[in-house]
Amino acid sequence: MNLPNYEFLSAPIQLITVLHLLTLSLHFLAMNLLLGGVIIVLIAGIRKQWDDPTLVKFVKLFPVAMAATITLGIAPLLFLQLVYHRQVYAAAIVSGWFWLLVPAVALVVYYSLYRTSLKGDRTGKLSVPALLVALAGLLYISLVYSSVFAMAERPKLIHELYAQDQSGWVWNPAIGSYLLRWLHMILGALAVGGYWIGAIGKNSPVAYQTGKRFYVTGVAVAAVAGSAYLMTVPSLMQTRAIWVLGIGILSTLGSLHLFFKKKFCLSGMLLLGSMLTMVYARHMVRLLRLADTYRPDSMRFMPQWGPFGMFLICFVVVLVVVAYMVRLLITKRSAELSDSGAAN
Amino acid sequence: MIYPFWDVTTGYGILMATIAIIHVFISHFAIGGGLYLVVTEQMARRHNDEPLLAFLQKLTKFFVLVTIVAGVLTGVGIWFIIGLLNPLATEALIHNYVWGWATEWTFFIGEIAAALIYYYGWNKMAAQAHLIIGWIYFIFAWLSLVIINGILTFMLTPGKWLTTGNFWDGFFNPTYWPGVIMRTGVCIMLAGLYALLVAARQATGDFKARIVRYSVTWGLFGLALTTVTQRWYLSSILTTLTTKVLPGSILALRSAAWLAIVIGGLLMLAWVLARRLSKIIAGLLMVSGLVWFGSFESFRESVRKPYVITGYIYGNGVEVAKTEKYKKEGYLAQITYRTGDDGADLFRHACRSCHTLEGYRPLKPAFNGADPKFIASIIRGAHLLNANMPPFFGTPAEADQIAAYIYQRIDQRPLDQIYPAADLGRQTFALRCAKCHKPGTASDKSKSFAGQSTSDLSTMLDNLPELAEGMPAYTGTAAERNALVEYLQLLGKAAK
């Protein structure tokens with residue numbers, strides 16, 4: 001029967017890869033703010049290191065950070081599934097229940113963050129139990145992602161695991177293949193969380209100092225975990241990823257330097273650059289691990305430039321509108337406040 | 001068959017429906033609720049109506065907590081579950097519509113940003129600016145419907161896409177426009193229902209009456225728009241689908257029609273009791289709305305069967321384009337992930353998407369007392385059972401393997417040992433005949449048994465495969481046969 005074929009890519013693989021890497025970096029930035037921020041605020045709250053208004057100020061940011069994390073997480077997963085569908089779906093099916101629990105756990109995390117935020121608004125206090133629930137949920141989600149995506153890079157393992165159990169209750173047993181990767185991400189989140197806490201809390205010496213401490217320590221320990229992870233992929237050293245990672249390290253150091261000088265905007269841009277290089281390295285690891293079984297550029301290319309153009313135009317329009325809305329929020333508020341000040 | 005099969009004891013249909021119905025119920029409110037908020041805020045600002053503004057602020061909090069949190073994550077849940085339940089169809093959709101989805105994602109960014117700014121902006125932004133944000137929210141939210149509706153309706157009525165493969169042919173398919181307008185009506189109706197839930201918590205009095213009646217107007221307008229456009233939508237489906245409309249689909253559609261009447265009635269009641277509208281009535285309206293939506297979505301899903309993408313991929317992941325290949329090479333040759341138990345692998349890929357052995361749409365009760373030969377015949381003629389069963393394209397040997405797999409798990413005793421003698425004829429008929437010839441349906445053959453002698457009916461049972469294509473041979477025991485003949489005579493007499 002002569003029906004349309006679905007096994008094609010509607011844009012060049014390079015373009016899809018760039019979009020994937022870019023959106024994944026943005027997702028990581030938001031996710032790290034959330035995960036790292038929750039850990040730092042919890043530690044500060046439990047140790048009573050910060051005053052309540054400072055804690056509440058950060059806690060109120062978490063629901064927004066969660067919204068950003070989810071929203072920015074959709075596009076990279078879409079582009080990933082477009083190219084690596086066979087691997088990602090197969091791994092997700094083998095761990096079906098753990099995978100399906102991700103949105104359910106995220107729902108609990110989201111409501112816990114709102115609960116903390118609303119309680120902070122109402123009482124001016126930190127809700128430690130709700131924040132602990134949120135942290136546990138975030139750690140679960142990150143671990144499932146690491147486990148499933150690490151499994152997706154090992155087609156042979158998927159076959160073996162599936163042959164043994166088809167119930168979807170299979171957890172990736174090759175813990176060694178993703179524990180360091182996961183640890184690197186968590187420690188990296190602490191570093192990025194430290195950056196955000198310091199940047200947002202720049203006017204509070206205690207918040208800035210805490211952020212700085214976590215940023216520096218986080219970078220150091222994440223570098224150790226990252227290097228240990230790289231040792232498990234020796235072939236990566238022979239690719240250009242190693243040079244890109246070098247740029248990433250320099251970029252991180254530059255970001256730290258600017259952070260110390262309290263030039264947060266530039267520091268953040270370098271941090272995003274560093275994030276991009278880490279994401280690129282992960283991408284290279286995936287390509288290397290799958291090299292024997294799958295080459296993404298082997299997929300047929302059948303362009304859909306019209307729909308792609310629609311996406312591009314809408315993307316630009318939405319970014320402009322979002323910027324406009326943020327401007328409205330800031331300027332109109334200041335204008336109103338100054339009006340009421342003048343009236344008084 | 002290139003993916004592993006998630007063998008969950010829960011039926012696929014239940015898993016999918018649970019997540020999907022909750023999501024659509026919230027996501028449609030996310031659109032209609034946005035319109036309700038901004039239109040009502042505009043009205044309140046124009047009349048300097050402070051109580052109304054306070055109500056809207058409360059509604060916004062509820063709106064954000066429901067739509068941004070539960071709406072978004074159940075949406076992610078749908079995406080996760082479709083990849084688990086039918087990865088091949090999801091793959092096909094993503095490859096064809098990645099830029100559609102990516103475009104929806106951009107609107108989603110705008111929608112979420114606007115919702116948060118609208119929520120946090122109450123009492124902090126200038127009135128005009130706040131209204132602008134409200135309108136931006138609604139426009140993005142509605143545009144996301146405009147996009148996702150193209151993909152959703154494509155699955156039901158792919159239209160010219162099946163021959164051209166063109167993105168736009170599939171997107172603007174026969175049910176696209178009725179779908180957009182009908183779902184817009186649903187959004188408006190749900191805005192009214194959700195607002196009533198918040199309004200019911202207000203103290204009894206004039207303000208409550210005003211808010212309730214205002215929200216009832218939204219509910220009724222949305223319901224009317226939905227009802228009118230639903231006819232257009234239905235006519236677009238029924239004329240484009242090649243399969244006949246199934247009894248299950250009719251039932252779902254009738255339920256939706258009755259529930260629409262119930263919703264209309266409850267809205268009227270809310271109007272009458274506006275000053276003291278109780279939370280119970282508001283809650284009943286919400287439940288009715290949810291069940292209505294469930295019935296409608298169930299109709300949409302059932303009318304699409306046996307396909308998951310009409311004319312392209314069957315519900316069990318079998319690709320229409322590869323049917324000749326399946327017939328030639330069999331299913332096993334196409335199954336990438338094997339477990340070492342061929343019968344189980346075949347059962348999973350051919351049957352398990354819709355049937356479990358004992359839970360959802362169970363096969364065990366349907367085959368208890370049957371023999372492997374009969375089960376294999378039923379598998380080979382699955383599409384003849386009813387129009388929502390995909391045909392079996394595997395080899396005859398594979399049908400035997402599936403039959404053996406099922407046979408090992410059913411009650412293998414003959415029917416005369418399972419059921420009392422008095423009920424044997426009816427049970428034999430249920431097992432061997434009623435799967436196709438259910439009394440009271442179009443394929444009921446009871447009248448033809450009238451006046452037939454025992455020997456006539458016995459001869460008929462000996463020659464069943466010659467009567468029609470796909471009729472399984474009679475393979476039961478002699479005791480079952482005698483009881484069946486007696487039962488057929490009883491049916492004949494009753495039908496006379």
Side-chain angles (χ1 to χ4, degrees), chain A residues 1-11 19 64 67 70-71 74-75 77-79 81-82 85-86 88-90 92-94 96-97 99-100 102-104 106-107 110-111 114 158-159 162-163 166-168 304 306-308 310-311 314-315 317-318 321-322 325-326 328-329 332-333 335-336, chain B residues 2-8 65 68-70 72-74 76-77 80-81 83-84 87 90-92 94-96 98-103 105-110 112-114 116-117 120-121 124-126 129 132-133 136 140 161-162 164-165 167-168 312 320-321 323-324 337-340 348:
Chain A
M1 209 170 284
N2 204 13
L3 287 166
N5 194 328
Y6 59 86
E7 292 171 282
F8 69 96
L9 286 179
S10 48
L19 285 170
V64 179
I70 296 169
T71 310
I74 291 170
L77 192 56
L78 177 69
F79 295 128
Q81 289 185 354
L82 181 67
H85 43 277
R86 298 272 155 96
V88 173
Y89 290 142
I93 290 169
V94 170
W97 283 111
W99 182 248
L100 190 59
V102 165
L107 193 71
Y110 215 154
Y111 276 118
Y114 262 111
I158 303 176
H159 277 272
Y162 178 72
Q166 303 83 40
S167 68
Q304 288 183 343
F308 174 75
M310 171 179 77
F311 157 70
C314 291
F315 191 38
V317 168
V318 166
V321 173
V322 169
M325 287 193 293
V326 171
L328 269 185
L329 179 70
K332 291 286 177 178
R333 188 183 172 193
E336 205 168 54
Chain B
I2 50 172
Y3 289 103
F5 189 92
W6 187 28
D7 202 342
V8 281
L65 286 177
I68 301 272
V69 183
V72 169
L73 286 164
T74 48
V76 174
F80 275 48
I81 193 92
L84 293 174
T90 312
E91 181 193 331
I94 286 186
H95 279 131
N96 278 299
V98 64
W99 303 119
W101 259 308
T103 306
W105 171 69
T106 66
F107 295 144
F108 186 60
I109 295 175
I112 297 291
L116 289 171
I117 294 174
Y120 289 113
K124 289 175 186 161
M125 292 177 80
I132 290 172
I133 302 290
I136 290 175
F140 280 140
W161 179 87
L162 287 173
T164 65
F167 179 99
W168 301 111
Y312 194 61
V320 175
T323 49
E324 289 308 315
Y337 290 85
R338 307 272 287 266
T339 62
R348 288 189 189 107

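By convention in this document, chain letters (A, B, ...) are assigned in the order of the sequence lines, proteins followed by strands, and residues within each chain are numbered from 1. As a basis for the values below, the full set of heavy atoms in this structure was taken, side chains included, without hydrogen atoms, waters or symmetry mates.
In this structure, the portion of Tyr120(B) lying under 4.5 Å from any heavy atom of chain A is its side chain and not its backbone. The contact between Val98(B) and chain A is made by backbone and side chain atoms together, counting heavy-atom distances below 4.5 Å. The part of Ile70(A) that comes within reach of chain B is its side chain, from C-beta onward, which places non-hydrogen atoms under 4.5 angstrom from that chain. Of the atoms belonging to Trp105(B), it is side-chain heavy atoms, and not backbone ones, that fall under 4.5 Å from chain A. If you measure heavy-atom distances from Tyr3(B) to chain A, the contacts under 4.5 Å come from the side chain alone. For Ile136(B), the part lying near chain A is the side chain, with the backbone staying farther off; criterion is any non-hydrogen pair under 4.5 Å. Proximity to chain B (any heavy atom under 4.5 Å) is shown, for Leu77(A), by both the backbone and the side chain. With a 4.5 Å cut-off on non-hydrogen atoms, Leu162(B) touches chain A through its backbone and its side chain both.
Taking each heavy atom of Ala67(A) and Ile112(B) in turn, the nearest pair found is CB-CG2, 3.9 Å. Closest heavy-atom contact between Pro4(A) and Trp161(B): CG-O, 3.2 Å. In terms of heavy-atom proximity, Thr339(B) sits nearest to Gln166(A) at CG2-NE2, 3.3 Å. The two residues Ala92(A) and Leu84(B) make their nearest non-hydrogen contact at O-CD2, 3.4 Å. In terms of heavy atoms, Pro87(B) sits closest to Ile93(A) at CG-CD1, 3.7 Å. Taking each heavy atom of Tyr111(A) and Leu65(B) in turn, the nearest pair found is OH-O, 2.7 Å.
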Report task. Using the side-chain contact (heavy atoms from CB on, under 4.5 Å) rule, take Ile74(A) and Trp101(B) through it: C-alpha gap first, then chi angles, then the decisive distance, then the call. Result -> CA-CA 10 Å; Ile74(A) 291 170; Trp101(B) 259 308; over 6 Å; no

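The aromatic rings of Trp99(A) and Phe80(B) lie parallel to each other, with less than 30° between the two planes, well short of the 60° mark. Taking the six-membered ring where tryptophan is involved, the planes of Phe79(A) and Trp99(B) are tilted, since the angle between them lies from 30° to 60°. Aromatic ring pairs are classed by plane angle as parallel below 30°, tilted from 30° to 60° and perpendicular above 60°; the pair Tyr312(B) and Tyr6(A) is perpendicular.
Ranked by heavy-atom pairs shorter than 4.5 Å toward chain B, the options Leu19(A), Asn5(A), Leu107(A) are led by Leu107(A). Your options are Val322(A), Val88(A), Leu78(A), and the one with the most heavy-atom pairs under 4.5 Å with chain B is Leu78(A). The greatest number of non-hydrogen atom pairs below 4.5 Å with chain A, out of Ala113(B), Gly121(B), Gly100(B), Ala102(B), is found for Ala102(B). Most heavy-atom pairs under 4.5 Å with chain A: of the set Thr74(B), Ile132(B), Thr164(B), this distinction falls to Ile132(B). When the candidates Ala70(B), Pro4(B), Gly340(B) are compared by the number of heavy-atom contacts under 4.5 Å with chain A, Pro4(B) comes out ahead. Residue with the most contacts toward chain B among Tyr114(A), Phe8(A), Trp97(A): Trp97(A) (heavy-atom pairs, distance under 4.5 Å).
In this structure, the side chain of Trp6(B) does not engage the main chain of Val94(A) through any donor-acceptor pair within 3.5 Å. One N or O on the side chain of Gln304(A) and one on the backbone of Asn96(B) form a donor-acceptor pair closer than 3.5 Å.
Going from atom CG of Leu116(B) over to atom OG1 of Thr71(A) covers 8.0 Å, rounded to the nearest 0.5 Å. Atom CD in Glu91(B) sits 10.5 Å away from atom CD in Gln81(A) (nearest 0.5 Å). Annotation: the span from Met310(A) atom CE to Thr106(B) atom OG1 amounts to 8.5 Å, rounded to 0.5 Å. Distance check: His95(B) NE2 to Leu9(A) CG gives 5.5 Å after rounding to the nearest 0.5 Å. Taken from CD1 in Ile158(A) to OH in Tyr337(B), the straight-line distance is 4.5 Å, to the nearest 0.5 Å.
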